[in-house]
Number of protein chains: 2
Amino acid sequence: MTFDEAKDKFIHTWGTLATQWGINRSMAQLHALLLIAPEPLATEDVMEQLQISRGNASMNLRDLMDWGLIYKQLKPGERREFFMAEKDIWKVARQVAKERRRREITPVVDVLNELKMISTDTPEAQEFQRVMEGLSSVVGFADSTLNAVIKAEENWLMSQFIKVFR
Amino acid sequence: MTFDEAKDKFIHTWGTLATQWGINRSMAQLHALLLIAPEPLATEDVMEQLQISRGNASMNLRDLMDWGLIYKQLKPGERREFFMAEKDIWKVARQVAKERRRREITPVVDVLNELKMISTDTPEAQEFQRVMEGLSSVVGFADSTLNAVIKAEENWLMSQFIKVFR
DNA sequence: CAATTCTTTCAAAATATTTTGAAATTACAG
DNA sequence: CTGTAATTTCAAAATATTTTGAAAGAATTG
């Protein structure tokens, strides 16, 4: 396989994969493209390389910035904006874990806690409460796993920080 | 909140949540409904309770069986099929972990391994390889986490098994 | 501040996914 | 084997999501 083939395959695969999670193809492909780009790219570059429209590029680049997965970079003497991906893959993982936790886990925890509160006067309601409690424990497990990723990396970051200053 | 309100809220919340993952609303709501049902339900029951069509019910019940999250149950003297959810929530979690691992992690691992193989004759290709290796390690982490869930529960299952026979 | 270049927005179009419902198939009882 | 009840299938319809592209908005330069 040539390098260009590998590049294409990576971008393509990442895009396909993303749709299985709730992420759209353009966003995933943009991220993939920027991940392997040795230099920051301008909007025009990504439009051309991925064959997508200006609006699409603009919106998804912004979303990627909201996720903290890419950064805007300004080049001196250049008017347009360039984008580069966070290359530290563990930082990317931490960022994704953080966002998914905030967007997906936290709301469920709240609803489950609310639903656990119903009175248990009938057998049916008792069964319901049992299920809610079970789900709470599973969601709690997922939550602490994500937290472990987030915290482990914060510690790692901290350790790097210490290295620099000792 | 009354029991019926709680029930509705649970089914509705579960359905909304599922769409954020790659799961469709009907499937999630079916699963939620069966999770809190004290008795196995027939196709007609779920059609009526969720207000969905026969075809929709049939297809999604089958998908849920493929995921190992619900079971068919035959009642003596009844011709139609009844469905009940796996109520052991940790078994559900294990099942989901297993399936997602198989469907999502394994294919990525394969592609990444293939892409790591390209020759590193240019700086660009070297960078590419570095990214692939980073991704490999993150995916490897996700893989072993899912495995931990799967194995932990198999051990738990084993311990229950032993309890019965000692 | 006027002209130019780049970015963002958003309604409409394109695409993808989900749902429906009727027809085909299957399973069973008599 | 026949009739009936239940389930599955799948093309078409409904819905939801994504993408486009042109217009509006910002930023920068001379």
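Note on naming: letters A, B, ... go to the chains in the order of the sequence lines (proteins, then strands), and numbering restarts at 1 for each one.
Atom CG of B/Leu74 is separated from atom C1' of C/dA29 by 16 Å (rounded to the nearest Å). Per the geometry, CG belonging to A/Leu41 stands 17 Å off C1' belonging to C/dT7, to the nearest Å. Rounded to an integer number of Å, the gap from B/Lys72 NZ to D/dT7 P is 8 Å. Atom CD of B/Glu44 and atom P of D/dT8 are 13 Å apart (whole Å). For the pair B/Met65 CE and D/dT7 P, the interatomic distance rounds to 10 Å; values are reported in whole Å. Between A/Phe82 atom CZ and C/dT5 atom C1' the separation is 13 Å, expressed in whole Å. The distance between atom CG of A/Leu30 and atom P of C/dT7, rounded to the nearest whole Å, is 14 Å.
When heavy atoms are screened at a 4.0 angstrom cut-off, A/Glu81 is found touching the sugar-phosphate backbone but no base atom.
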| task | Go along nucleotides 17-30 of chain D 5' to 3' and tag each nucleotide: B for a protein heavy atom under 4.0 Å from its base, S when only backbone or sugar atoms are that close, - otherwise. | result | -SSBB-----BB--

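B/Glu127 is linked by a side chain to side chain contact (heavy atoms under 4.5 Å, CB included) to A/Lys87, B/Arg130, B/Val131, counting only residues two or more places apart in sequence or in another chain. B/Arg62 is linked by a side chain to side chain donor-acceptor pair (under 3.5 Å) to nothing, counting only residues two or more places apart in sequence or in another chain. For the ring pair (Phe, Tyr, Trp, His ring centres under 6.0 Å) test, no residue two or more places apart in sequence or in another chain qualifies with A/Tyr71. Residues passing the ring pair (Phe, Tyr, Trp, His ring centres under 6.0 Å) test with A/Trp14, sequence neighbours excluded: A/Phe10.
Within the structure, salt bridge (Lys or Arg N to Asp or Glu O under 4.0 Å) pairs that include any residue of residues 131-146 of chain A comprise A/Arg101-A/Asp143 (at least two apart or interchain). Here salt bridge (Lys or Arg N to Asp or Glu O under 4.0 Å) pairs that include residues 29-51 of chain B, with residues two or more places apart or in two chains, are B/Glu44-B/Arg54. For residues 23-34 of chain A, there are no salt bridge (Lys or Arg N to Asp or Glu O under 4.0 Å) pairs, not counting sequence neighbours.
Both tests do not hold together for A/Arg100 against A/Trp67: distance to the six-membered ring centre under 6.0 Å, angle to the ring axis within 45°.
Overall bending of the helix from C/dC1-D/dG30 to C/dG30-D/dC1, expressed as the angle between end axes built from five pairs apiece, is 20° (10° steps).
A/Met65 CE: more than 12 foreign heavy atoms inside a 6.0 Å radius.
In this structure, B/Ser58 does not reach the D/dT9 phosphate: none of its side-chain N or O atoms is under 4.0 Å from OP1 or OP2.
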